[in-house]
Protein chains: 2
Amino acid sequence: MTSEQLLNKKVEELKEACKKHGMRVTPQRIEIFKEVAKSCKHPDAEAVYEAVKHKMPNVSVDTVYRTLASLEELNMIFRVDNQLPKARFDADLRPHSHFICVQCNEVYDIFLESDEKIQIPKNASSFGEIKDINIQIRGICNKCLKNSTK
Amino acid sequence: MTSEQLLNKKVEELKEACKKHGMRVTPQRIEIFKEVAKSCKHPDAEAVYEAVKHKMPNVSVDTVYRTLASLEELNMIFRVDNQLPKARFDADLRPHSHFICVQCNEVYDIFLESDEKIQIPKNASSFGEIKDINIQIRGICNKCLKNSTK
DNA sequence: TTCCTTAATAAGAATTATTACTAATTATAG
DNA sequence: CTATAATTAGTAATAATTCTTATTAAGGAA
């Protein structure tokens, strides 16, 4: 399946999710979702706004923030846990972790190998009902390492 | 060792770290650090400010933010990865994870049992140089679960 | 001890990210 | 076709954090 087809499939999922929750399928919603879904950059709200503006010059900042929030409620996207001032979004729902570069703030996806499995700490469930688990690895990415040795 | 003694020990560590890095030991630094170190609440900057104000009524918001940042540089405290608008701080340097309640935003420490070990995803190091790893479990804490069934 | 350099602080203004509001307009989905 | 959810534009509010400038005080030197 090409990335184009994969994206279309995700858009279809979004449409269904909207209908299921009595939300209208609007071009803005589609575009904003596609922007997050097609990027591996884990964009922030501003980046999404800038990108969507190319296709829809009239889109408003407000719509982007509102839409990102509703896509999150639909569980079509989620926020990446980070220590940065801006929220970063991810539309890849497969369980995975993130490598966050402390220098350039780039966020990379880390997928586990087939024989690996995310380990939930034994006594985690003693604190309450678990919804999800997030793992971030912080460090300096290869790109930044390369630049600093120049 | 009492918690009082433990706190004093940590303060001594801070003083040494300051000297080592050519940073002055100021009452504000001590107080702000103690406030984070003695709490298990993972306070945000505002909470630290409010608490410190009781002892030092003239302390400024700015000093709290600046000091928290420099304590972080000294590796005496760190930020808890979260999706909340406010940064939360932790002075417990022992490796541990966090349970974050999505309802009340409380942050609980999760320590691994002696036979457990944090698993770093195999291909994490392929992205760059790893500095640290963070695990958050998101869910609804026992307190909130109890309140919602009432 | 006193002096001196300069790091650190206080106070409040400024900035940044995000959210909210208004009212008029658009366009989805039944 | 129609009811109304969603959007736009523009502005305002808010919340978290950072900057600016004058002042203070830590800690080394005399």
Side-chain angles (χ1 to χ4, degrees), chain A residues 11-12 14-33 35-36 42-50 52-74 76-89 105, chain B residues 11 14-33 35-36 42-50 52-74 76-77 79-89 105:
Chain A
V11 170
E12 288 312 310
L14 168 61
K15 288 181 181 173
E16 274 183 45
C18 283
K19 281 170 194 165
K20 198 168 152 192
H21 290 79
M23 288 167 61
R24 291 181 180 169
V25 176
T26 68
Q28 287 86 348
R29 257 175 207 164
I30 304 286
E31 241 2 276
I32 289 165
F33 174 69
E35 208 44 54
V36 180
H42 309 82
D44 55 40
E46 201 192 335
V48 172
Y49 173 62
E50 289 304 327
V52 170
K53 241 195 340 195
H54 282 126
K55 294 203 172 178
M56 314 177 106
N58 290 330
V59 76
S60 71
V61 185
D62 183 67
T63 299
V64 172
Y65 276 99
R66 204 166 7 81
T67 303
L68 287 170
S70 50
L71 290 175
E72 209 185 348
E73 265 183 70
L74 290 176
M76 294 302 296
I77 66 172
F78 61 91
R79 272 161 222 259
V80 177
D81 281 44
N82 67 37
Q83 304 175 350
L84 310 169
K86 300 181 182 191
R88 305 281 291 257
F89 297 89
N105 296 336
Chain B
V11 170
L14 168 61
K15 287 181 182 172
E16 274 182 45
C18 283
K19 282 170 193 164
K20 197 170 154 192
H21 289 80
M23 286 168 61
R24 292 176 181 172
V25 176
T26 67
Q28 288 87 344
R29 256 173 208 165
I30 304 287
E31 243 0 277
I32 289 165
F33 175 68
E35 207 46 54
V36 179
H42 309 81
D44 55 39
E46 201 193 336
V48 173
Y49 172 63
E50 289 303 328
V52 170
K53 241 194 340 193
H54 283 126
K55 295 201 172 180
M56 314 179 106
N58 290 331
V59 76
S60 71
V61 185
D62 179 68
T63 298
V64 172
Y65 278 97
R66 202 167 9 80
T67 303
L68 288 170
S70 50
L71 291 175
E72 208 185 348
E73 267 183 65
L74 290 175
M76 294 302 296
I77 66 172
R79 270 160 223 259
V80 177
D81 281 44
N82 66 37
Q83 304 174 348
L84 310 170
K86 300 182 182 190
R88 304 282 291 259
F89 297 90
N105 295 336

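Throughout, protein chains are lettered first and strands after them, A, B, ... in sequence-line order, and every chain is numbered starting at 1.
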Between [atom2] of [N] and [atom1] of [X], the distance in whole Å:
| X | N | atom1 | atom2 | value |
| --- | --- | --- | --- | --- |
| L71(A) | dT7(D) | CG | C1' | 15 Å |
| H21(B) | dA8(C) | NE2 | C1' | 17 Å |
| N105(B) | dA16(D) | CG | P | 11 Å |

For [N] and [X] - does any side-chain N or O of the residue sit under 4.0 Å from the phosphate oxygens OP1/OP2?
| X | N | result |
| --- | --- | --- |
| R66(B) | dA8(C) | no |
| Q28(B) | dA25(D) | no |
| S60(B) | dA10(C) | yes |
| N58(A) | dA9(D) | yes |

Requested in this report: Could you tell me whether R29(A) contacts a base, only the sugar-phosphate backbone, or nothing, with contacts defined as non-hydrogen atoms closer than 4.0 Å?
Outcome: sugar-phosphate
Requested in this report: At under 4.0 Å between heavy atoms, which parts of nucleotides 17-30 of chain C does protein reach? Answer with one letter per nucleotide, 5' to 3': B base, S sugar-phosphate only, - none.
Outcome: SSBBB-----BBS-
Pair up each side-chain donor or acceptor in residues 62-72 of chain A with any protein partner under 3.5 Å, not counting sequence neighbours, and list the distances.
from	atom 1	to	atom 2	distance (Å)
D62(A)	OD2	R66(A)	NE	3.3
D62(A)	OD2	R66(A)	NH2	3.1
T63(A)	OG1	S60(A)	OG	2.9
T63(A)	OG1	R66(A)	NH2	3.1
T67(A)	OG1	T63(A)	O	2.6
S70(A)	OG	R66(A)	O	3.3
S70(A)	OG	T67(A)	O	3.0
E72(A)	OE1	R79(A)	NE	3.0
E72(A)	OE1	R79(A)	NH2	3.0
E72(A)	OE2	R79(A)	NE	3.0

Query - Separation between NZ of K55(A) and CD of E35(A), rounded to the nearest 0.5 Å - result: 7.5 Å
What residues form a side-chain contact (heavy atoms from CB on, under 4.5 Å) with [X], not counting sequence neighbours?
| X | result |
| --- | --- |
| K53(B) | Y49(B), E50(B), V59(B) |
| K15(A) | V11(A), E12(A), V25(A), I30(A) |
| E46(B) | D44(B), K86(B) |

Query raised in the report: side-chain contact (heavy atoms from CB on, under 4.5 Å) between F33(A) and M76(A): does it pass, once the steps are laid out?
Result: CA-CA 8 Å; F33(A) 174 69; M76(A) 294 302 296; 3.8 Å; yes
Query raised in the report: Where do M56(A) and Q28(A) come nearest, in terms of heavy atoms and distance?
Result: CE-N, 3.8 Å
Query raised in the report: Which heavy atom in A17(B) sits nearest to a heavy atom in L74(B), and how many Å separate them?
Result: O-CD2, 3.8 Å
Query - Terminal axis angle for the helix from dT1(C)-dA30(D) to dG30(C)-dC1(D), five pairs an end, nearest 10 degrees - result: 40°
